[in-house]
J.: 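To start, I am sharing the structure in question, which I have written as structure tokens.
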Amino acid sequence: MPSVGFGCYKTPPSSTTEAVSLALRAGVRHIDGAQDYGNEKEIGRAIRDIGMQRSKLFLTSKISNDNQGELRKVTKSVKATLKSLDTAYLDCLYVHSPLPGSNLRLSTYAALQQLKEEGFCRSVGVANYGVSHLDEIVANGLDTPDVAMMELSFYNQRRGEVDWANKHGTKVVAASWSKLSGGFNWGTDADFKALNEISTRLGLTKAQVLVGWCTAKGIACVPRSGVGSDAERRAIEENSEDGLRRVLGERGMSEEDVRTLDGMEQRLTMGRLGRTDGWREEDVKGVGWDLSTVA
Ligand SMILES: NC(=O)c1ccc[n+]([C@@H]2O[C@H](COP(=O)([O-])OP(=O)(O)OC[C@H]3O[C@@H](n4cnc5c(N)ncnc54)[C@H](OP(=O)(O)O)[C@@H]3O)[C@@H](O)[C@H]2O)c1
């Protein structure tokens, strides 16, 4: 899995083809989609327009809560996703959320394992799962997930889930829930000063510091940006693996800087309104909104 991808959440269909095309041109080879994002056709169009060889791309989708259920129902939704994306297979198919409850998430997960056997996807993932949901998979005798995506940043390091993943050979992908956006100024004053110092000294935006921190820790990430302004378009390129390498070189972030960022854990489980990231007031459930603890 390419360690830095591009996320398509909150990207309206009208800008998705342009945004994904920019990401692909910037060398991004991991595109993170979902049935719920409503823009799979436009992702497919970008890949087709660029003429990207399918085997060079890591393409994902997620089974929406509405499509969770038994194999037939899940398969029907996956076939529709494959058609929209104009692809024969997904590199990873995730269960999008644990919210629908134990029975539905287990049958959906089992269906995805079956679809992997049948070649619909190369790997199976779970998103927004906490340790109890991950343990539930094992307790039910199912194979452990290949990938676990979770809201993760140096402000919310998910050490329990990350330890679980490391123990079970599950790859962690960070979705930062808008931590990339805005001024990054909701840490303590001392944290913010330290973050500022790192970003100024290294010549990175604070968003790139987060991407660099993930990369240094072996955590994949799928940053998102829009195409509404030059700054947003620039961020797509800056937040890519090549964009980061251009500033940091091959060595990446130093151990010392990673340690400083590691010290900023505050279990901050929710994003804040970004610059123009599509979050509406009603989308923001408040600090503490956390799917990893739902029953
Ligand atoms: N599995 C799940 O349930 C789940 C949940 C959330 C996200 N995800 C995945 O993770 C991806 C990432 O999305 P996210 O919601 O977690 O948000 P994110 O990537 O943490 O942040 C996106 C926001 O950061 C802003 N941004 C990017 N670079 C910036 C820069 N240099 N300066 C200032 N702002 C910058 C973007 O603003 P502009 O648009 O203005 O550039 C956008 O508002 C999603 O697209 C999705 O693929 C998955």
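Whatever order the structure lists ligands and atoms in, that order sets their numbers, starting from 1.
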J.: Under 3.5 Å between some N or O of ligand 1 and some N or O of Gly226?
T.: yes
J.: Tell me, do Leu195 and Met264 make a side-chain contact under 4.5 Å, heavy atoms counted?
T.: yes
J.: At a 4.0 Å threshold, what atoms of ligand 1 neighbour a non-hydrogen atom of Gly7?
T.: 11 (C), 44 (C), 45 (O), 47 (O)
J.: Distance under 4.0 Å to a non-hydrogen atom of Asn239: what atoms of ligand 1 satisfy this?
T.: 27 (C), 28 (N)
J.: Could you list which atoms of ligand 1 come closer than 4.0 Å to a heavy atom of Asp32?
T.: 9 (C), 46 (C), 47 (O)
J.: Would you call Asp262-Lys217 a salt bridge at under 4.0 Å N-O?
T.: yes
J.: Please confirm whether Arg54 makes a cation-pi placement over Tyr89, using NZ or CZ under 6.0 Å from the six-membered ring centre and within 45° of the ring normal.
T.: yes
J.: Can Thr260 and Asp257 be counted as having a side-chain donor-acceptor contact under 3.5 angstrom?
T.: no
J.: What do we get for Thr205 next to ligand 1 when only non-hydrogen atoms under 4.0 Å count, side chain, backbone, both or neither?
T.: side chain
J.: Using a 4.0 Å heavy-atom threshold (strictly under), name the region of Met149 that reaches ligand 1: side chain, backbone, both or neither.
T.: side chain
J.: Relative to the heavy atoms of Pro223, which atoms of ligand 1 are at a distance of less than 4.0 Å?
T.: 19 (O)
J.: Considering only heavy atoms of Ser225, which atoms of ligand 1 have at least one such atom less than 4.0 Å away?
T.: 38 (P), 39 (O), 41 (O)
J.: Measuring from atom CE of Met150 to atom CD1 of Ile219, what distance do you get when rounded to the nearest 0.5 angstrom?
T.: 8.0 Å
J.: Where does Asn128 meet ligand 1, judged by heavy-atom distances below 4.0 Å: at the side chain, the backbone, both, or neither?
T.: side chain
J.: Heavy atoms only: which of Phe6, Tyr37, Tyr129 is nearest to atom 48 (C) of ligand 1?
T.: Tyr37
J.: Give, for atom CG of Leu152 and atom CH2 of Trp213, the distance between the pair rounded to the nearest 0.5 Å.
T.: 5.0 Å
J.: What part of Gln208 sits under 4.0 Å from ligand 1 if we count only heavy atoms: the side chain, the backbone, both or neither?
T.: neither
J.: Tell me whether the centres of the aromatic rings in His96 and Tyr129 are closer together than 6.0 Å.
T.: no
J.: Under a 4.0 angstrom heavy-atom cut-off, which atoms of ligand 1 come close to Val222?
T.: 9 (C), 10 (O), 11 (C), 12 (C)
J.: Kindly identify the option in Ser15, Ala175, Ala231, Ala127 whose heavy atom sits closest to atom 10 (O) of ligand 1.
T.: Ala175
J.: One residue to check: Cys8. Relative to ligand 1, which of side chain, backbone, both or neither has a non-hydrogen atom less than 4.0 Å away?
T.: backbone
J.: Report, in ascending order of atom number, the atoms of ligand 1 lying under 4.0 Å from any heavy atom of Ala207.
T.: 28 (N), 29 (C), 30 (C), 31 (N)
J.: Which atoms of ligand 1 sit under 4.0 Å from any heavy atom of His96?
T.: 1 (N), 2 (C), 3 (O)
J.: Going by the side chain to side chain contact (heavy atoms under 4.5 Å, CB included) test, name the single residue among Thr293, Leu134, Asn128 that passes it with Pro98.
T.: Asn128
J.: Going from CD1 on Ile50 to CZ on Arg48, what distance comes out if it is rounded to the nearest 0.5 angstrom?
T.: 12.5 Å
J.: Can you tell me which residue among Thr81, Asn65, Asp66 is in a side chain to side chain donor-acceptor pair (under 3.5 Å) with Gln35?
T.: Thr81
J.: Taking 4.0 Å as the limit for heavy-atom contacts, which would you say applies to Leu210 with ligand 1: side chain only, backbone only, both, or neither?
T.: neither
